[in-house]
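Working notes, beginning with the structure itself.
By convention in this document, chain letters (A, B, ...) are assigned in the order of the sequence lines, proteins followed by strands, and residues within each chain are numbered from 1.
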2 protein chains.
Amino acid sequence: MVRDVVSSQGGVAVYRQIAAIMRSRIAQGEYPPGYVLPAEQDLARQFGVGRDSMRDALAALRGEGLIETRRGFRSKVREAPVRTQVELAPGTTVTARMPTPEERVEQDVFEGVPMLVVGDRTYPADRFELHVP
Amino acid sequence: MVRDVVSSQGGVAVYRQIAAIMRSRIAQGEYPPGYVLPAEQDLARQFGVGRDSMRDALAALRGEGLIETRRGFRSKVREAPVRTQVELAPGTTVTARMPTPEERVEQDVFEGVPMLVVGDRTYPADRFELHVP
DNA sequence: GTATATTTGTACGTATGTATA
DNA sequence: TTATACATACGTACAAATATA
C-alpha cells in the first residue's frame with residue numbers, strides 16, 4: 001500500500017500518525033485557535049488515506065478537546081475558553097469525570113470536555129476553574 | 001430494515017439507542033462493575049446490528065468512562081476506583097482536561113478519564129480526588 | 001514451545017441521512 | 001433548490017494481542 005505522507009509500515013496506526021501530525025500543527029500554531037480545517041474528504045486526500053482513517057484521526061483530536069466538529073460544518077480548532085472562577089468552600093472534595101449524554105446536551109458541553117465535580121455541583125471544565133481560598 | 005431491539009425509525013441513531021440501553025444496564029446493576037461484556041460480534045448479533053454500530057456504541061460508553069476495552073480482551077464494566085486524597089494548597093487553581101496521548105501511556109490512563117490540573121501538577125481523575133482544607 | 005481460536009484494532013469501500021450554507 | 005459537509009450504517013479483509021489446546 002503506497003501513501004504520500006504517512007505509512008502503516010512503522011507499526012503505528014495511520015490514523016494515529018495523522019492525529020500526531022495535526023496535533024503538532026495545532027501546538028505549533030500552524031492551525032491556530034478558531035482555524036477551520038479542510039473538509040474530511042480533502043484532508044483524507046491530502047494525507048492519502050481513506051475516509052475511515054481520517055475520521056478516526058479527527059475523532060482522536062476531538063476526544064482530546066483540541067478540535068470541535070458540528071454536522072454540516074467543517075472542524076474547527078478549539079479556542080482557549082474564558083473561565084469563570086468558582087470559589088471552593090473549605091472541606092469540600094473535588095473530582096472530575098466525563099459528562100453524561102444528558103449533561104452534554106443540557107449544558108452544551110463539547111466532546112473532549114470533562115466535568116469538574118464539587119460536592120453535588122458540576123461545572124464544564126472548559127468554562128470554569130476552581131479557586132482554593 | 002428490520003431489527004429486533006433497536007430501530008432507526010425513531011430519529012435516534014441506532015448506536016446511540018444501544019449505548020443508552022447498555023448505559024441503563026450498567027446503572028441498574030445488570031452489568032455490575034467488573035462484568036465482562038459479550039464479544040462485540042455477539043452483542044452486534046443480539047442487537048441485530050452491524051459491527052460498526054456496535055463498535056460506535058461501545059466507543060461512546062468508553063468515552064464516558066463506563067467501560068474499558070483492551071485488544072484481545074472483551075470489554076469490561078469499569079470498577080469504582082479507590083481515590084487517593086490530595087490536599088489543596090491555598091491560592092491554587094484547579095481545572096480539568098483530557099490527557100495527552102503521552103500522558104495516557106505514561107500514566108496508564110484509560111479512555112474516558114480526565115486529568116485534574118492543580119497548578120503544574122496533573123492527576124488522573126479516577127485515582128485521585130482533591131480536598132479543600 | 002507451537003499452533004489455533006478468539007477478540008479487538010485498523011483500513012478500505014459503498015450508500016444514505018441530516019444539517020448547514 | 002442545490003451544493004457541501006459531517007453522521008450513520010452496512011459490508012469486507014487483514015493485523016495484532018490474548019488465551020487456549
So salt bridge (Lys or Arg N to Asp or Glu O under 4.0 Å) across residues 31-43 of chain A, not counting sequence neighbours, yields A:Glu40-A:Arg51, A:Glu40-A:Arg55, A:Asp42-A:Arg45
To the nearest Å, give me how far apart [atom1] ([X]) and [atom2] ([N]) are.
| X | N | atom1 | atom2 | answer |
| --- | --- | --- | --- | --- |
| A:Tyr15 | C:dC12 | OH | P | 13 Å |
| A:Gln17 | C:dG9 | CD | P | 18 Å |
| A:Phe110 | D:dC6 | CZ | C1' | 14 Å |
| B:Lys76 | C:dT7 | NZ | C1' | 15 Å |

- Task: Sequence neighbours left out, what passes side chain to side chain donor-acceptor pair (under 3.5 Å) with A:Arg104? Give chain and number order.
- Result: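 A:Arg104 satisfies side chain to side chain donor-acceptor pair (under 3.5 Å) with no other residue.
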Subject >> Qualifying residues under side chain to side chain donor-acceptor pair (under 3.5 Å), relative to B:Arg83, sequence neighbours excluded >> reply: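 Applying side chain to side chain donor-acceptor pair (under 3.5 Å) to B:Arg83 gives none.
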Among residues at least two apart in sequence or on other chains, which ones pass side chain to side chain contact (heavy atoms under 4.5 Å, CB included) with [X]?
| X | result |
| --- | --- |
| A:Thr92 | A:Leu88, A:Ala89, A:Val118, B:Val132 |
| A:Met98 | A:Pro114, B:Met98, B:Pro114 |
| B:Glu102 | B:Thr100, B:Glu106 |
| A:Gln107 | A:Glu103, A:Val109, A:Met115, A:Thr122, A:Pro124, A:Arg127 |

Please write out each protein N/O paired with an N/O of nucleotides 13-16 of chain C under 3.5 Å, distance rounded to 0.1 Å.
none

Q) With both distances kept under 3.5 Å, what pairs with D:dA9, Watson-Crick or G-U wobble? A)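 Pair assignment: D:dA9 / C:dT14.
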| query | Taking the hydrophobic residues Ile, Leu, Val, Met, Phe, Trp and Tyr, and joining any pair whose side-chain heavy atoms are under 4.5 Å apart, which ones share a cluster with A:Val117? | reply |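 Members other than A:Val117 - counting any ILVMFWY side chain reachable under 4.5 Å - there are none.
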Give every pair of a protein N or O atom and an N or O atom of nucleotides 3-5 of chain D that lie under 3.5 Å apart, one pair per line with the distance.
unit_1, atom_1, unit_2, atom_2, d
D:dA5, O3', A:Phe73, O, 3.4

* Got a sec: does the CD of B:Glu30 have more than 12 other heavy atoms crowding it under 6.0 Å? ->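 Atom CD in B:Glu30 is packed in, count exceeds 12.
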Please list, in numerical order, the residues of residues 55-70 of chain B that have a heavy atom closer than 4.0 Å to any atom of DNA chain C.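 When residues 55-70 of chain B is checked for heavy atoms under 4.0 Å from DNA chain C, the hits, listed by number, are B:Arg55, B:Thr69, B:Arg70.
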Report task. Can you sort out the partners of B:Arg78 under salt bridge (Lys or Arg N to Asp or Glu O under 4.0 Å), two or more places apart, ordered by chain and number? Result ->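 Expected list: B:Glu68, B:Asp126.
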Tightest non-hydrogen contact, residues A:Ser75 and A:Thr69, listed as OG-OG1, 2.7 Å
- request: Give a yes/no answer on whether the side chain of A:Ser53 brings an N or O atom under 4.0 Å of OP1 or OP2 in C:dC12.
  value: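 Yes.
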